[in-house]
Enquirer: 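First the structure, which I've put down as structure tokens, then a few questions once you've had a look.
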Amino acid sequence: MPVIDIDSLHKILELEQKQGYSDSAVIGGLDKFIRQWSDKLIAVITDRSLLTKFQKLHLRDRKYASLTVKERQAWVKNVLEFADELAHGKAIKPAPIRKINVGSQKSPVKPKTPLITSNLSLDASITAIKGISTNLSARFGKLGVKTIRDLLYFFPSRHLDYSKMKTVSQLTEGQEETIVANVWEAKITMPGGRRSTEVIVGDETGNVRAVWFNNPYLAKTLVPNMKIVLSGRVRLFNGRFVFESPEWEPLEEGDLIHTGRLVPVYPLTEGLHQRQVRKLIKGAVDLWAGQVPDFLPHDVKEHCHLIELPRAIAQAHYPDSADLQDKARVRLAFDELFLLQLGALSKKRDWQESQPGTPIQINQKLLETFLQSLPFKFTPAQLKVLQEILGDMQKPVAMSRLLQGEVGSGKTVVATAALLMAAADGYQTALMAPTEILAEQHFATIHKLLSATGNLQEEADHLYTYSGILPKSLTIALLIGATSAKTKRELHRLSANGEIDIVIGTHALIQQEVGFQRLGFVVVDEQHRFGVAQRSTLRQKGTNPHALAMTATPIPRTLALTLYGDLDLSVIDELPPGRQLIKTKWLRPNQRESAYNFIRKEIASGHQAFIICPLIEESETIQARAAIAEYEFLSQNVFHNLRVGLLHGRMASRDKEKAIQQFHDKELDILVSTPVIEVGIDVPNATVMMVESADRFGLSQLHQFRGRVGRGPAQSYCILLSQNPSDVGQERLAIIETVYNGFKLAEEDLRLRGPGEFFGTRQSGLPDLRMAKLSDVALLELARKEAERLFTEDRHLKNPQHALLVKELARVWTTQIEELS
Ligand code: ADP
Ligand code: MG
């Protein structure tokens, strides 16, 4: 027990007594000394009764400085007594069995585990642990547990509450119960032909039977007169109580592991057994938890009311109470989120410092002209985020910002204003969209906006040039896969010569052939659809250009902060005025005909309808096939006298474009489509969005679909059909019927589906969070705030007090967290 120096505590307290309790025994005051001392102590106390005494002393939160002399006197005396007990091991005597406080909330007071530590490093392989063979370690390896540290951080998925001790006479049928009892008799029986162990145990209030099916070996272990603790569910059999295959362990020296407490349940793999893992982990926790360096700075722990790390680790496995279990989880979850934030901030700092960004001058006059030329006024939310964006662009540090806003909230217009400002200062800019349809639409939108600001001067294939906006002409181009090779070559040439100011496109933009002369600003639309690499490839085409990512998937703030901790967030949280609520109705299967009738009626009054085909997971090809079948059925039967079009991801982009164009130009009444087209399409005359198998979609996605209609003046509708929704499916449908706020829906989505599904599998890039839940909004914001505070105080984490933290940060970020953005 090398770390705890009881002697020096003793000396200092005696000195304090001698000096008349004047708080002068140590420089800096007794409070600080005691706190540091007790922080170390808490890490190694494993004995519960000592811990209780320790807590009663309030060593860590008592303000000695504020006590009266008399109070100080009493306090010093208590602490000295406690120190003596520690030093001489007075609390070590085993508690006799009858002292167990049967029926109380407490677990039996156990004999003391000696305060020991090991010489092994936390990074040593678990094979160094006694009892872990190479074979066993391979099984742990499957769970990602390789080192002693991994083992300490291998937390249980839940706990069984066996903490409430009962007597035999207090047992209740059907409940999980725990008793301390004496074994009277143990024998092998054959219930239903299975060799099993049956024992009779009892205490002073009565006897009860326990049976372990298929386990005849226990009969040898459980010998008469042995004292054991039994935990398990109590059943009634032939009018008598019986424990069926309960957990058990001998009541002997050492802490209870399987019974009589909150008992951990570990997620296992083949060849690992619960009891074995519990025992190994208990041993590891007792030996090594105290050695885990607590890397959190003291003030952070204090601000956030967090318990010490060694204690948190121990309590996460073997909690002394539900309250401590919770405190342990909070501490460990905080660590995960805090390190995540700190890592993101460090990354952002490094990135900003490694390459200076290019400050862009804002031409206020041109900005005014642009805003004036719009057929509407910016909403306050649009103005606010535009200011945030332009503010960043003027700095000599590259912008790295995420713009969130619902479909139709006006992100594209805001981005256009920013693109124009960069172009006006002589920079080239790029806007990248995930699909050709979206890219084309952006091209068309920006063309419309710029035509209103200036005059179209020249038009070529995929290219527009305007006069009257800049002193020179302004050129925009569209670069997508479908662009002809000849045009592409021409566009590449123009771009490389710096003759295109705004390039709009898809992945085609990040092809190697695409070059820029002075790319100063890039916008990535629906950014979560692009991989990390794709986004940074675009960035690398300039010298550290300002970057704006946009998303119409309203990511709950928690998730956004976690995923994109190194981005600044801007949110357009209001829709332009006059937007209607889209009446949303979930129809039962027997109302399908009425849905079709409703669509006929809307079309008869001059409107149009979308029909989204069911979500089919397999592949885009199969989805396309399903869409074709649905299209044929609808166009030949249900709507045989209407003009029905088809859109799916497998169509040639020319055909896709044509279908959209026709629908847009009212040459089609109905567009049957796969879910791939969820984003971006703007057809103001469409008033019905019908979604098949709506229960299969997430709320955010349904909301996106719904956003496709209601873009014109006419009242619009969203009809949801579903054959046989699950409970969660039904809940989703009920929510989407009444909730219209995209962010609220995203939160609900996250709650119902979990973060993995929320983003689609594997795409999420979510770090490995064991203790933190993404629904821990408050904790996440706390972690974010603390990380930012720490960063303003010590931007490069050079302060010696932060040395452990820096080490931990490096460890976690290199081993666990993949590049996030
Ligand atoms: P987003 O990109 O967020 O989906 P857009 O920028 O495409 O939104 O805008 C959606 C529609 O709303 C477009 O037709 C656009 O012209 C219009 N719009 C944008 N901002 C406003 C506003 N402040 N007032 C009225 N209409 C607006
Ligand atoms: Mg958009």
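Counting from 1, the numbers follow the sequence of the chain as shown. Just so you know, ligand 1 is whichever comes first in the structure, and atom 1 is the first atom listed for that ligand. Values reported hereafter were calculated over all heavy atoms of this structure, with side chains retained and with hydrogens, waters and symmetry mates removed.
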Enquirer: Any N or O on Gly408 sitting closer than 3.5 Å to an N or O of ligand 1?
Expert: yes
Enquirer: Show the atoms of ligand 1 that are less than 4.0 angstrom away from any heavy atom in Thr379.
Expert: 23 (N)
Enquirer: Please identify each residue that fulfils side-chain hydrogen bond (donor to acceptor under 3.5 Å, both in side chains) with Ser570, with sequence neighbours left out.
Expert: Glu388, Arg401
Enquirer: Could you tell me whether ligand 1 has any atom less than 4.0 Å away from a heavy atom of Glu406?
Expert: yes
Enquirer: Kindly say whether the aromatic ring centers of Phe663 and Phe610 come within a distance under 6.0 Å.
Expert: yes
Enquirer: For ligand 1, which atoms, with element, lie under 4.0 Å from some heavy atom of Val413?
Expert: 6 (O), 19 (C)
Enquirer: Yes or no: does Gly405 have any heavy atom under 4.0 Å from an atom of ligand 1?
Expert: no
Enquirer: ring-ring contact (aromatic ring centres under 6.0 Å, His included) with His664: which residues, sequence neighbours excluded?
Expert: none
Enquirer: What's the separation between atom CG in Leu403 and atom CG in Leu548, rounded to the nearest 0.5 Å?
Expert: 5.5 Å
Enquirer: Would you indicate which of Thr412, Thr445, Leu403 comes nearest to atom 2 (O) of ligand 1 when only heavy atoms are counted?
Expert: Thr412
Enquirer: I need the atoms of ligand 1 closer than 4.0 Å to a non-hydrogen atom of Lys377, numbered in the order shown.
Expert: 22 (C), 23 (N), 24 (N)
Enquirer: Would you call Lys785 and Glu781 a salt bridge, using N to O less than 4.0 angstrom?
Expert: no
Enquirer: Please identify which atoms of ligand 1 are closer than 4.0 Å to at least one heavy atom of Phe378.
Expert: 23 (N)
Enquirer: If you measure from the Lys or Arg side-chain nitrogens to the Asp or Glu carboxylate oxygens, is any gap between Asp392 and Lys395 under 4.0 Å?
Expert: yes
Enquirer: Within the structure, does Gly410 bring an N/O atom to less than 3.5 angstrom of an N/O atom in ligand 1?
Expert: yes
Enquirer: Between His447 and Tyr464, how do the two ring planes meet: parallel, tilted or perpendicular, split at 30° and 60°?
Expert: parallel
Enquirer: At under 4.0 Å between heavy atoms, which part of Gln382 makes contact with ligand 1: side chain, backbone, both or neither?
Expert: side chain
